[in-house]
Every structure is written in C-alpha cells, then in structure tokens.
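Values in this document were obtained by computation on a predicted structure and should not be read as measured data. One-based numbering, in listed order, for ligands and for the atoms of each.
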Amino acid sequence: MNINQTKRVLSGMRPTGLLHLGHYHGVLKNWIELQHSYECFYFVADWHALTTHYEDPSIIGESSRDMVIDWLAAGVNPGNATIFIQSRIPEHAELYTLLSMITPLGWLERVPSYKDQQEKFRDKDLATYGFLGYPLLQSADILIYKAGFVPVGEDQVAHIELTREIARRFNHLYGKEHDFEQRAETAIKKMGKKNAKLYKDARRRYREQGDTEALAFGEALLESQQNISLSDRDRLLGYLDGGGRILLPEPQSLLTASPKMPGLDGQKMSKSYGNTITLRESPQDIEKKIRTMPTDPARVRRTDPGDPEKCPVWDLHHIYTSESTRLELAEGCKTASIGCIECKQHIIDAVLEELRPIQLRIKDYLNDLSGVDSIINEGCENARDVAQDTIAEVRKAMGLVGR
Ligand code: TRP
Ligand code: SF4
C-alpha cells in the first residue's frame, strides 16, 4: 500500500427510492463490516440522483432521509461512520468545477457507463452535460476527503480508475510549489541527522540508479517518522520519487465480494425490474411475494419432480439456507417429496427473521426524526470540516487567492 493512502473509506448511494434486499446484501452489509477497520464516510448522493432523475426529482427529497434511516437500522453506526448528504457540502461542487478544468473530454466519453446507461435508460434523455460529467463529480466526492478506499460494485470500477487518473494529473500539474525544493530540504532536517542521511542516500540511489528498493526503503522511513507534519511527509514523498507533492492521493477500489442478490424472478434484484423486497416490506407482502414467485416451470403439479437449478427460488436458498438443509431440499424437489410451498417457507421465514429487527429499528427512527436529523447534521459538519481543508489546498495550488 502506498503510504500516502489514508485508512479512510468513502462511498455513496443514490436516493432514488426505498432500499431493498439487494442493497442490504450487496452494499450495506459490507459498509457495516468496514466500519470496524476504517474511518468511514457514507453519503447520500443526491446530486448524482439528479443526473438521471432531473425531470421528476420529487423522489430524491423524499428518499434521502429514509435512506439514512434504513442505513442506521441496518447497522451503520454514526459513532464509527460519518453520515452526510452530498448537496449540503458545496465543496464537492467547487472541486468538481476546478477538476473539470483539467479533465480531457475524451476521458469522460470513454467511461463505459456513459454509453451503457444511456442505452439502459432509453426513456430518459441523458445526453446532458451533467450526465457526461457525473463520473468526475464522483471523483470530486472521493478526492475531497482524500479517501484511500472506495467500496464499489464492478460497474463502478472504471469511475475509480478515472479518479486515479485525475488525481495523478492534478498532482503532476500543481504538486510543485514554487519553493518546493527548499521546503523539502527544510523538512529533511526535521527528521534528525541520522534519518536525514538515510533519506538522502535512498533518494540519491533511486534518482541516480532507479533503485526501487531504495525507493521502498525511503517510503518506509517516511512512514515511521513521528516528528514531521503530514504535509511535510507528502512533500518528502514527492521529493523522493520526483513526482512533486502529492496533494490528492489516488484511491483504490474495494470490490465487494458478496454475490449478486437474486430478485423474485431470478434476475438481479433491482427496482427497475420490479422484483424487489424492500427493507420496509410488510410481513404479509413478503409472504405473498415469495409465495407467488415462479418456480421450475416443469413442476406444474405437486407430484411432478423439479430441478432446483431451473428455479429462481433456489437462488435465494444460496443466500439464506445452510448447505445441509439445501441438500435435503434439493433431494425433496427432485423426487417430488416436498412441495414448492414448503420449500419457499424456508425463505419466507429467513427473510422475516432478517428484517424483523431492522424494521423495529426503522420504526424507532421514524418516531424520532429529529434524532435522525441531528445525526445527519453532525455528519455534515464533520464532513464539511474535512472538505474545507482540502478545497483550501486545492484553491491555493491552482493559483486562486485563499479566503
Ligand atoms: N455513482 C455511485 C452509484 O451510482 C454513487 C456514488 C456517487 C459513489 N459518488 C460516489 C460511490 C463516490 C462511491 C464513491 O452507485
Ligand atoms: Fe423450486 Fe423449491 Fe419448488 Fe424445487 S421445490 S421447484 S427448488 S420452489
């Protein structure tokens, strides 16, 4: 890991409707897990939602707070994670504007989601400037917090790659302060005689002979320094490898390992397919939705044997049912010794049990909206502090007079 990488995680979700089990299994459980080992920033990406829902934005305002409530109820802990709303941190927009100055048009046109999404949402006119630019807005979201890691699905990896390229370009263009070398030399002295000599030797060996071991040694040496400031450390890193000062560190994607959550029809669970169970679904509706799920089409009568591999219900068993029970159920299906109703009951029970505590907490939060708002306000304040520090550095680096 690059020593410039912070242990900070950042991720966002679009508020375009109620959260469903696909969000829970595919994203939220991972977010909750990450809270234990990282400093996490999670936000409601309401500007992102506008890039696709600008014609009827009412859903955005309605779902923003509800989405936060569902996060909290699922286990996102405001004591461990900063929870905030993108549009309340205007610094994202300022960084987006500033980065747009150095972003080649071709980089945005080449992002795969640009064409893919336009095809997917044929009913929407996405030939807008905002839609073309939204991966850059995402880069600004990430870079304004200097996040080291971004948990994303596969479809978003290209956006993280773009973010890395933008950061590299920014650092290359603006990482050199006019008195960079002098500041670096001053910083070296702060390490003490012995370490200063080690650093200089490593730098010389790397710069003169391309000795990558010396580079790694120099980086490790900087990491172990207690008595130099973070900006001096950044400077010395840049001085070591010749890249100038790293103002915006390059993030890495953290690919979520969780399997795709199947929907009620065997396709991936997604609102646009109408095959979801939301986190707020009533027990009656959960039962009804699962009872009426299609099964192996060959099992017309109870006495017809079935093939689990041809049944959407089976995909759900992979999420909810232990292997030993799965073996029994598969056997029962193939020999027609169990019926589909019995087989589905396992899923119904598991989903009800999974959602019961979450729904109780949702209810509590809905009864205490001002408590939820305080959590959001506090998160926004915390996020804004970080964002303001970064934007001040960026303004300065880009020649704008500081405020
Ligand atoms: N674009 C992401 C999505 O559509 C949401 C998002 C916005 C995001 N900004 C982000 C995710 C920054 C991770 C980091 O799902
Ligand atoms: Fe599907 Fe289960 Fe019915 Fe077999 S018994 S067809 S796996 S629902």
Chemist: Flag yes if more than 12 heavy atoms outside Gln209 fall under 6.0 Å of its CD atom; otherwise flag no.
Modeler: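 Yes.
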
Chemist: Do His48 and Asp141 have side-chain N/O donor and acceptor atoms under 3.5 Å apart?
Modeler: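 Yes, side-chain donor-acceptor contact under 3.5 Å.
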
Chemist: Would you tell me whether Tyr320 and Glu354 have side-chain atoms, one donor and one acceptor, within less than 3.5 Å of each other?
Modeler: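 A pair is found: one side chain offers a donor N or O, the other an acceptor, under 3.5 Å apart.
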
Chemist: Please determine whether the number of non-hydrogen atoms from other residues, nucleotides or ligands lying under 6.0 Å from atom CD of Glu213 exceeds 12.
Modeler: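 Atom CD in Glu213 is not packed in, count stays at 12 or less.
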
Chemist: List below, pair by pair, the N or O atoms of ligand 1 and of the protein that are less than 3.5 Å apart, including the distance to 0.1 Å; reply 'none' if no pair qualifies.
Modeler:
residue, atom, partner, partner atom, Å
ligand 1, 1 (N), Gln138, OE1, 3.1
ligand 1, 1 (N), Gln156, OE1, 3.1
ligand 1, 4 (O), Arg14, NE, 2.8
ligand 1, 9 (N), His48, NE2, 3.4
ligand 1, 9 (N), Asp141, OD2, 2.8

Chemist: For Val27, is there any backbone N or O sitting under 3.5 Å from a side-chain donor or acceptor partner on Asn30?
Modeler: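 No, because the side chain of Asn30 does not come within donor-acceptor range (under 3.5 Å) of the backbone of Val27.
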
Chemist: Give every protein N, O or S atom lying under 2.8 Å from atom 1 (Fe) of ligand 2, naming each by residue and atom.
Modeler: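 Those protein N, O or S atoms (cut-off: under 2.8 Å from atom 1 (Fe) of ligand 2) are Cys311 SG.
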
Chemist: Would you say Lys268 has more than 12 foreign heavy atoms packed within less than 6.0 Å of its NZ?
Modeler: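 No, because the 6.0 Å sphere around NZ of Lys268 holds 12 heavy atoms or fewer from other groups.
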
Chemist: Can you tell me how the ring of Tyr239 sits relative to the ring of Tyr199, calling it parallel under 30°, perpendicular over 60° and tilted otherwise?
Modeler: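 The rings of Tyr239 and Tyr199 lie parallel, inter-plane angle below 30°.
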
Chemist: Are the ring centres of Tyr145 and Phe43 closer than 6.0 Å?
Modeler: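 Ring-ring flag for Tyr145/Phe43: false, centres at least 6.0 Å apart.
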
Chemist: Does NZ belonging to Lys124 count more than 12 external heavy atoms closer than 6.0 Å?
Modeler: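 Buried by this count: over 12 neighbours within 6.0 Å.
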
